[in-house]
Amino acid sequence: MTRTTTLTVNDEQGTIALATRLATQLRAGDAVLLDGSLAAGKTFFIRALVRAMGSDEDVTSPTYTIANIYETPACPVLHVDAYRLKGAQEFYHLGLDDYFDTGVSLIEWGERVEGFFDAPLSIRIGFSDDDTSRSFTLTADSARWNDVLSDLEAMT
């Protein structure tokens, strides 16, 4: 059964708080697919999430390198920008399989690899009425994410 919730944050601090709250819930094997228009804040959200997981590495968008890996105390974090990929098959051929079970996978432009992960959390970031507010629509088809979504909903 699909579950969807939409949360609105008013500023960058709200985005950081949401990413930090989600970071406490992530575990090895999780996949989070992020979508939204250019400059919606996908990389900003991932940067806050990776920092909250305990990494002090410089988190940048892997637009040209396609993938970055960040070490955290809990597990490695795989950060992929799928914008230039043609689909899930091309994603598979990147040879990143070792990280899917042992780390957390964060995929920008996640719709491009739709169907690759069995039970991802999908996050669509949208612009709200002003330049600083964002809406985060979180969708999951797996029971894995029920408690996570309930916890995030409790923030509002």
Side-chain angles (χ1 to χ4, degrees), residues 1-7 9 15-16 18-55 57-127 134-153 155:
M1 177 176 208
T2 300
R3 181 169 174 188
T4 299
T5 188
T6 300
L7 307 170
V9 300
T15 298
I16 292 168
L18 179 60
T20 300
R21 187 90 168 235
L22 177 58
T24 67
Q25 305 283 331
L26 294 177
R27 60 185 186 220
D30 285 343
V32 180
L33 309 179
L34 293 105
D35 286 287
S37 62
L38 289 172
K42 295 178 294 294
T43 303
F44 184 88
F45 183 84
I46 289 173
R47 183 177 300 120
L49 194 148
V50 170
R51 283 208 170 86
M53 290 182 72
S55 175
E57 294 183 58
D58 186 27
V59 176
T60 60
S61 178
T63 302
Y64 297 103
T65 58
I66 300 195
N68 291 331
I69 298 161
Y70 307 107
E71 295 299 326
T72 74
C75 63
V77 174
L78 172 66
H79 177 197
V80 175
D81 186 324
Y83 183 77
R84 296 183 357 207
L85 301 179
K86 291 179 178 65
Q89 185 174 12
E90 192 171 357
F91 179 72
Y92 171 78
H93 288 298
L94 292 176
L96 301 169
D97 309 41
D98 292 344
Y99 294 98
F100 301 147
D101 292 330
T102 61
V104 171
S105 300
L106 305 174
I107 316 296
E108 292 189 48
W109 304 101
E111 288 178 344
R112 296 187 185 252
V113 300
E114 192 170 341
F116 184 84
F117 294 98
D118 290 333
L121 173 64
S122 296
I123 301 175
R124 175 163 293 285
I125 304 173
F127 293 98
R134 297 289 187 272
S135 67
F136 289 80
T137 302
L138 299 94
T139 305
D141 293 327
S142 168
R144 154 68 183 113
W145 299 106
N146 284 340
D147 289 341
V148 174
L149 292 177
S150 293
D151 183 63
L152 296 175
E153 288 170 342
M155 290 183 63

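In terms of heavy-atom proximity, Ala67 sits nearest to Pro62 at N-CB, 3.7 Å. What you find for Phe127 and Leu38 is that their closest heavy atoms are CZ-O, 3.8 Å. For the pair Ile69 and Pro76, the tightest heavy-atom approach, listed with the atom from each and the gap, is CG2-CB, 4.3 Å. Considering all non-hydrogen atoms of both residues, Met53 and Ala23 come closest at CG-CB, 3.7 Å. Looking at every heavy atom in both residues, His79 comes nearest to Ser61 through CE1-CA, 4.2 Å.
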**Request:** For side chain to side chain contact (heavy atoms under 4.5 Å, CB included), just list the numbers for Val59 and Asn68, CA-CA rounded to whole Å, side-chain angles, deciding distance to a tenth of an Å, and then say yes or no.
**Result:** CA-CA 8 Å; Val59 176; Asn68 291 331; over 6 Å; no

**Request:** With side-chain hydrogen bond (donor to acceptor under 3.5 Å, both in side chains) as the test, would you mind laying out the steps for Ser55 and Thr72 before giving the verdict?
**Result:** CA-CA 5 Å; Ser55 175; Thr72 74; over 6 Å; no

**Message:** Using side chain to side chain contact (heavy atoms under 4.5 Å, CB included), reason through Leu49 and Leu106 one step at a time and then give a plain yes or no.
**Reply:** CA-CA 10 Å; Leu49 194 148; Leu106 305 174; 3.9 Å; yes

**Item:** From CA spacing to verdict: side chain to side chain contact (heavy atoms under 4.5 Å, CB included), Glu108, Thr43
**Value:** CA-CA 8 Å; Glu108 292 189 48; Thr43 303; 2.8 Å; yes

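At a threshold of 4.0 Å, the pair Arg3-Glu153 counts as salt-bridged, since one of the basic side-chain nitrogens sits closer than that to a carboxylate oxygen. Residues Arg84 and Glu90 are not paired through a salt bridge, judged by the lack of any N-O separation under 4.0 Å between the basic side chain and the carboxylate. Salt-bridge check for Asp58 with Arg47: failed, with every basic side-chain N at 4.0 Å or more from each acidic carboxylate O.
Between Phe100 and Phe117, the ring planes lie perpendicular to each other; the angle is over 60°, past the 30° to 60° tilted range. Classified by interplanar angle (parallel below 30°, tilted 30° to 60°, perpendicular above 60°), the ring pair Phe116/Tyr92 is tilted.
Here the two rings, on Tyr99 and Tyr70, have centers that are 6.0 Å apart or farther.
Within the 4.5 Å cutoff, the side chain of Glu57 has no heavy atoms near those of the Val50 side chain. Two residues are said to be in side-chain contact when any heavy atoms from C-beta on lie closer than 4.5 Å; Leu152 and Leu18 meet this criterion. Using a 4.5 Å heavy-atom threshold, the side chains of Ile125 and Asp35 count as separate. With contacts defined as side-chain heavy-atom distances shorter than 4.5 Å, the pair Leu96/Leu78 qualifies. At least one side-chain heavy atom of Leu85 sits less than 4.5 Å from a side-chain heavy atom of Leu94. Counting heavy atoms from C-beta outward, Val104 and Arg27 have side chains that stay 4.5 Å or more apart. Counting heavy atoms from C-beta on, the side chains of Leu22 and Leu121 come closer than 4.5 Å. Two residues are said to be in side-chain contact when any heavy atoms from C-beta on lie closer than 4.5 Å; Leu33 and Glu111 fail this criterion.
Note: Ile107 CD1 to Asp81 CG = 9.5 Å, rounded to the nearest 0.5 Å. Distance check, rounded to the nearest 0.5 Å: CG of Leu149 to OG1 of Thr5 gives 6.5 Å. Atom OG1 of Thr4 is separated from atom CZ of Arg124 by 12.0 Å, given to the nearest 0.5 angstrom. Here the CG atom belonging to Leu26 is positioned 8.0 Å from the OG1 atom belonging to Thr24, to the nearest 0.5 angstrom.
The backbone N or O of Phe91 sits nowhere less than 3.5 Å from a side-chain atom of Lys86 that would complete a donor-acceptor pair. Judged purely by atom type and a 3.5 angstrom limit, Trp145 has no side-chain atom pairing as donor or acceptor with the backbone of Ser122. Not a single donor-acceptor pair under 3.5 Å links the side chain of Arg134 to the backbone N or O of Thr15.
Around atom CG of Asp97, more than 12 heavy atoms belonging to other residues, nucleotides or ligands sit under 6.0 Å away. Heavy atoms of other residues, nucleotides or ligands lying less than 6.0 angstrom from CD of Glu114 number 12 at most. No more than 12 heavy atoms of other residues, nucleotides or ligands sit less than 6.0 Å from atom CG of Asp118.
Thr6 and Ser135 share no side-chain donor-acceptor pair at under 3.5 Å.
Both the sub-6.0 Å distance and the 45° axial angle are satisfied by Arg112 relative to the ring of Tyr83.
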